[in-house]
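Since the model is a prediction, treat every value here as computed from it, not as a measurement. A, B, ... follow the sequence lines: proteins, then strands. Residue 1 opens every chain.
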Amino acid sequence: MELAKSFEPSEIEKRWYPGWEERGFFKAGLDPDNPDAFCILLPPPNVTGTLHMGHGFNQTIMDTLTRYYRMRGDNTLWQPGTDHAGIATQIVVERQLEAQGISRLALGREKFLEKVWEWKEYSGNTITRQMRRLGTSPDWSRERFTMDAGLSETVTETFVRLYDEGLIYRGKRLVNWDPVLHTAVSDLEVVSEEEDGFMWHIRYPLSDDSDAPAALTVATTRPETMLGDVAVMVHPEDARYRALIGKKVQLPLTGREIPIIADDYVDPEFGTGCVKVTPAHDFNDHAVGLRHKLPFVSILTLDAKISDAAPEKYRGMDRFDARKAIVADLDALGLLAGVEKHKLKIPRSDRTGVVIEPMLTDQWFVATTKPSSDGKSISEKALECVASGEIRFFPAAWVSTYNQWLNNIQDWCISRQLWWGHLIPAWYGDDGAVYVARNEAEARARAEKAGYTGALTRETDVLDTWYSSALWPFSTLDWTPDYPARSNTALDLYLPSTVLVTGFDIIFFWVARMIMMTKHLTGKIPFKHVYVHGLIRDAEGQKMSKSKGNVLDPIDLIDGIDLEELVKKRTSGLLNPKHAGEIEKRTRKEFSAGIPAFGTDALRFTFLSLASPGRDIKFDLHRCEGYRNFCNKLWNASRFALMNVPDASDLQAGTEEITGSASEPALADRWIVSALQRTVAEMARHYADYRFDLLAHTLYEFVWNEFCDWYLEMVKVQIQEGTPEEARATRRCLVDTLETILRLAHPLLPFITEELWQVVAPLAGRKTRDSIMLCDYPAAQPEKIDPASEERVRRLKDLCYACRNLRGEMKLSPAQKVPLILRGDDLADFVPYLKALAKLSEVRIVETMPDDTNAPIAIVGETRLMLKIMVDLAAETARLSKEIARINDEIAKAKAKLANASFVARAPAHIVAQEETRLAEFAATAEKFRAQLARLAP
RNA sequence: GGGUGCUUAGCUCAGUUGGAAGAGCGCUAGCCUUACAAGCUGGAUGUCGGCGGUUCGAACCCGUCAGCACCCACCA
């Protein structure tokens, strides 16, 4: 079979993937007798659109691990699926409808959800199609969606259990409220950025002004909330105000009178030392309100407009309009004591970007710090799993981040006033009593038991999307309520899974919550290892986002994309079309020629190479190009092998020669086998440590720098100059090594290795021809490591480098072959290699170097080399002098070290010995150069 | 306010119990040498952020300063 002259990935990828999938190669290993289980849960991508570079990165790592352990013979499951992503998906669909002039509210809940399901179908398919293009090998037959029937049942069941256990509760609490989405969001969904604002100083007149001063001045960044003030507080020890504690002030604009209270939360140094207390609209004030049993006055509606609890004048005003009006009115009353610029952190909704409003609403919570039936809270248990080492983080540094968060965790607000998501399984009686149950019938039964027989109304709130995500480790494995009494093979084998591969950005959102929920509900940890990787950023280190217009679609790196198409893609569908011009300009500058097609393998290799622990990745297109070239190198090395190995029968004989006792394998063969074994062992270490960067580097280094640069060149010599038997033995070794390399590389480069393996494996006499995926992964065979041949080849390489260097210095054309004279021991078998590798016309080994010539010389250890050419005497003299000077530097350094008594006395013996050897070698070499220099002198 | 990470060649980054500074890309000189010009061969390039300390010896350990990035909490 003839291979194309260069590697063309696209056709190969399209050909292999469907076959792998159809023949069931990705299917989970469910052999109960094989105790070696390997399982990865795919962090389910959101069905909000398409996959981005971060997914490509994340999935490449998982696929490499999965293919590796699968080839090693483990019972392997990569569990795929997608996430309904409540808020995010609802927003996407809402915006699409808006673009068509349809509003969600006008459409109604039922119709709207139909639209979302349509979108889910479309987006989910896009995502799984993209994953297939990346070559991923999850068990697609087990694909799950967080709102599948089974998973939804798990959501309901766990909710009811946690409620019955007292770990889920409902209550009126101050929560982060998104006034645009009309829903509560969790602490994690609020992002605070520092913004420019103002600090207003407002006078609150004292009710009883018999004592000076006549008013207290409070400082606030949100003057509109004064309408909901219920107190003014000062520090109990603050001498300025101590006498006023317990007295009252007039709350301007409202006619209300509110008390002056003392609380040591107040920092007397900040502002005026007087703080207005608005328990219904501020988290700290809320706590104060509870402590002092103050009333809560809500002056905002869920739209963030002024409510009916406020003076009539302001009712219905938007919160920011009200702010202006109130400041103006206070000023008019002479109660505005001053305004100053002030930087403050503004909390905004992660999804909509609007300013979050703390709002008193009825919500559902998971109690994270309350002891459960076994006496420990779920956060405590999650901390223990990691502290005990049962769950390990890679890199381990993330443990402290994890601990810090769990040690300060608040109860988790899990209710969302949205439509898209799991409905909370609760029913209300007309009296407001709540009945949490698995279904309406059960709710009715529970109500009756409580003495209520009236109508029941289902809760309309849905659950935070992360609630179902937290159950993913067991919900996807067909967990049932009677677990563990009844289990199944998948649960037995794959809970806990082996490793979770994820970005640090969702350690709190997802990782910690999976651990809390899985441990509490199943008694098992969800996974043993957590491999935390960085985020993919653009070439400037900026986070990739649609609005910045710097996103890359992994598929575009695989297939390539022309500039116009890329510009179109980046500028269409922008939330803020004003950015389009800037985005277009930058895109045209950065990708003036578009993006060439690199192929999946090259992209995967790039991701892996960049996966250094503990840092984000500035994605570098040039790296991708370099690894595309690497694929091409592998391709052409295989072409070379195929051109030299006509058929398998030839190699059958070669096998006997290599294994028989007729003669020892050739140096090159012994060496490459040895080097291969070291590579296999090293790669196994990198897999175990999750060092994908080093894994890729090790493979690259071996394939290019050893196998291609040296071994193949030596093979050429052996095939040309050896006996037919020797040539066959070498061909055999060549094919065996290549075949092993392909298996070694398969988890990283699935497509090219499969394509090449199909033609190489028959020559190597491999039995199975179905797929490289089904082969054994190469296991290290330390007994094949041969230090002697490694040392020999190292010396040969050094001689080659010396010759090539001389040639370079002498400015010889690569085409010009010249004679070499050598003096030293054990050189005879190097001759043919040196001739070929250093472009020599002949190699002569002599007892004494000729001294009547001004030819250039080099020295490698004990060996002297001379290129038998005439050179300019002055130039050669200069070259030698320079060389001697360089060596003298080294000698001086070594001598200084050895002259240091402390060094000799305290450094380990082998270090001292090494230094002595170096010194001796340098000295000998320098001496030889000096002798040569003397000969040159007229 | 608390915490974390980073700073090594022009760029992006490795550097594995402290023991002669590395890779890819780029640059440069020359080569279509029958696997590969997506290639081959040679070459140039670094006070390893600054300053102290520990040590016979520090890119690596400790302290400190500076710059960059991020996370958590948030003083109205």
B:G19, B:C36, B:G42: which one has an atom nearest the side-chain heavy atoms of A:Asn636?
B:C36
Have a look at A:Cys708 and say if it touches a base, only the backbone sugar-phosphate, or nothing, with a 4.0 Å heavy-atom cut-off.
base
Test: A:Lys343 and A:Asp196 ion pair at under 4.0 Å:
yes
Between A:Cys800 and A:Asp282, which is nearer to the 5' end of RNA chain B once each is assigned its nearest nucleotide?
A:Cys800
Is A:Ser813 touching bases, backbone alone, or none of the nucleic acid, heavy atoms closer than 4.0 Å?
nothing
Any base atoms under 4.0 Å from A:Ala397, or only sugar-phosphate, or nothing? Heavy atoms, all strands.
nothing
At under 4.0 Å between heavy atoms, what does A:Leu694 touch on the DNA or RNA strands: base, sugar-phosphate, or nothing?
sugar-phosphate
5'-most contact on RNA chain B (nearest-nucleotide basis), A:Val904 vs A:Lys343, goes to A:Val904
Give a yes or no on whether a salt bridge exists between A:Arg291 and A:Asp263, defined as a side-chain N under 4.0 angstrom from a carboxylate O.
yes
When you compare B:C61 with B:G1, how far apart are their C1' atoms, in angstrom units rounded to a whole number?
29 Å
Would you please indicate if the ring centroids of A:Phe394 and A:Tyr690 are separated by under 6.0 Å?
yes
Note every stem involving RNA chain B: at least three consecutive Watson-Crick or G-U wobble pairs, i with j then i+1 with j-1, with both distances under 3.5 Å.
B:1-7 with B:66-72, B:10-13 with B:22-25, B:27-31 with B:39-43, B:49-53 with B:61-65
Ionic contact status for A:Arg222 with A:Glu357, cut-off 4.0 Å
yes
If you check every side-chain atom of A:Gln404, which of B:G39, B:C74, B:G2 has the closest atom?
B:G2
Gap in Å between the two C1' atoms, one belonging to B:A9 and one to B:U45, rounded:
6 Å
Charged N-O contact under 4.0 Å between A:Arg794 and A:Asp798:
yes
Using whole Å, report how far CG of A:Leu806 lies from P of B:G43.
11 Å
Reckon A:Asp267 touches a base, only the sugar-phosphate, or nothing at all at heavy-atom distances under 4.0 Å?
base
Separation between CD (A:Glu8) and CG (A:Leu3), nearest 0.5 Å, reads 12.0 Å
A:Tyr402 OH to B:G3 P, straight-line distance once rounded to whole Å
21 Å
When you get a sec, tell me which of B:A35, B:A76, B:U7 is the closest nucleotide to the side chain of A:Phe270?
B:A76
Gap in Å between the two P atoms, one belonging to B:C6 and one to B:U16, rounded
12 Å
Just how far, in rounded Å, is C1' of B:U12 from NE2 of A:His697?
14 Å
Base, sugar-phosphate alone, or nothing: which one does A:Lys618 contact when heavy atoms must sit under 4.0 Å apart?
sugar-phosphate
Categorize A:Asn408 for me: base, sugar-phosphate, or nothing, with a 4.0 angstrom heavy-atom threshold over every strand shown.
nothing
Starting at atom CG of A:Leu610, determine the distance to atom P of B:C11, rounded to an integer number of angstrom.
17 Å
Determine: side-chain N/O of A:Lys716 to OP1/OP2 of B:A35, distance under 4.0 Å, yes or no.
yes
Between B:A37, B:G30, B:A76, which nucleotide gets closest to the side-chain atoms of A:Lys5?
B:A37
Taking only the P atom of each, what is the distance from B:G43 to B:C70 in whole angstrom?
42 Å
In Å and rounded to the nearest 0.5 Å, what is the CG to OG1 distance from A:Asp229 to A:Thr278?
4.0 Å
Just checking A:Ser612: base, sugar-phosphate only, or nothing, at a heavy-atom cut-off of under 4.0 Å?
sugar-phosphate
Taking OP1 and OP2 of B:C74, is either one under 4.0 Å from a side-chain nitrogen or oxygen of A:Asn284?
no
Give A:Tyr801 one of three labels, base, sugar-phosphate or nothing, depending on what nucleic acid heavy atoms sit under 4.0 Å from its own.
sugar-phosphate
Given B:G30, B:A14, B:A76, which nucleotide is nearest the side-chain atoms of A:Val266?
B:A76
Length of the line joining A:Ile346:CD1 and B:A76:C1', which is rounded to integer Å
13 Å
Regarding A:Arg691, tell me which of base, sugar-phosphate or nothing describes its non-hydrogen contacts under 4.0 Å with the strands shown.
sugar-phosphate
Counting N and O atoms only, with roles assigned by atom type, does the side chain of A:Arg879 sit under 3.5 Å from a partner on the main chain of A:Pro856, one being a donor and the other an acceptor?
no
Taking any heavy-atom pair under 4.0 Å as a contact, classify A:Gly626: base, sugar-phosphate, or nothing.
nothing
Full working for salt bridge (charged side-chain N to carboxylate O under 4.0 Å, His left out) between A:Glu915 and A:Lys893
CA-CA 10 Å; A:Glu915 206 56 35; A:Lys893 270 193 256 174; over 6 Å; no
A:Arg804 has its side chain closest, among B:G39, B:G42, B:A35, to B:G42
Whole-angstrom distance between B:G50 and B:C11, as gauged at atom P:
16 Å
Between B:G19 (P) and A:Gln914 (CD): distance, integer Å
11 Å
So if I take every side-chain heavy atom of A:His622 and compare against B:C36, B:G42, B:C25, which nucleotide ends up nearest?
B:C25
In this structure, how many angstroms lie between the P atom of B:G19 and the CG atom of A:Leu919, rounded?
21 Å
Where the side chain of A:Trp704 is defined as all heavy atoms beyond and including C-beta, which of B:C13, B:C40, B:A76 is the nearest nucleotide?
B:C40
Output for pair (A:Arg807 CZ, A:Leu812 CG), nearest 0.5 Å, gives 5.0 Å
So if I take every side-chain heavy atom of A:Asp620 and compare against B:A76, B:U7, B:G24, which nucleotide ends up nearest?
B:G24
What verdict does the salt bridge (charged side-chain N to carboxylate O under 4.0 Å, His left out) test give for A:Glu193 and A:Lys345, after you've listed the backbone C-alpha separation in whole Å, the side-chain angles of each residue and the deciding distance to 0.1 Å?
CA-CA 5 Å; A:Glu193 293 278 350; A:Lys345 291 278 183 88; over 6 Å; no
Value in whole Å for how far the C1' atom of B:C68 lies from CD of A:Gln542:
13 Å
At under 4.0 Å between heavy atoms, what does A:Phe7 touch on the DNA or RNA strands: base, sugar-phosphate, or nothing?
base
Looking for any heavy atom pair under 4.0 Å, which part of the strands does A:Arg628 touch: base, sugar-phosphate only, or nothing?
base
What distance, rounded to whole Å, do you find between the two P atoms, one in B:G10 and one in B:G49?
13 Å
Between B:C70, B:C75, B:A14, spot the one nearest the side chain of A:Arg537, thanks.
B:C70
Which whole number of Å gives the distance between the P atom of B:C25 and that of B:G18?
32 Å
Report yes if at least one side-chain N or O of A:Tyr700 is closer than 4.0 Å to OP1 or OP2 of B:G24; otherwise report no.
no
Taking the P atom of each, how far is B:U64 from B:G3, in whole Å?
12 Å
In Å and rounded to the nearest 0.5 Å, what is the CG to CG distance from A:Leu290 to A:Leu174?
9.5 Å
Under 4.0 angstrom, heavy atoms only, what part of the nucleic acid is A:Gln816 near: base, sugar-phosphate, or nothing?
nothing
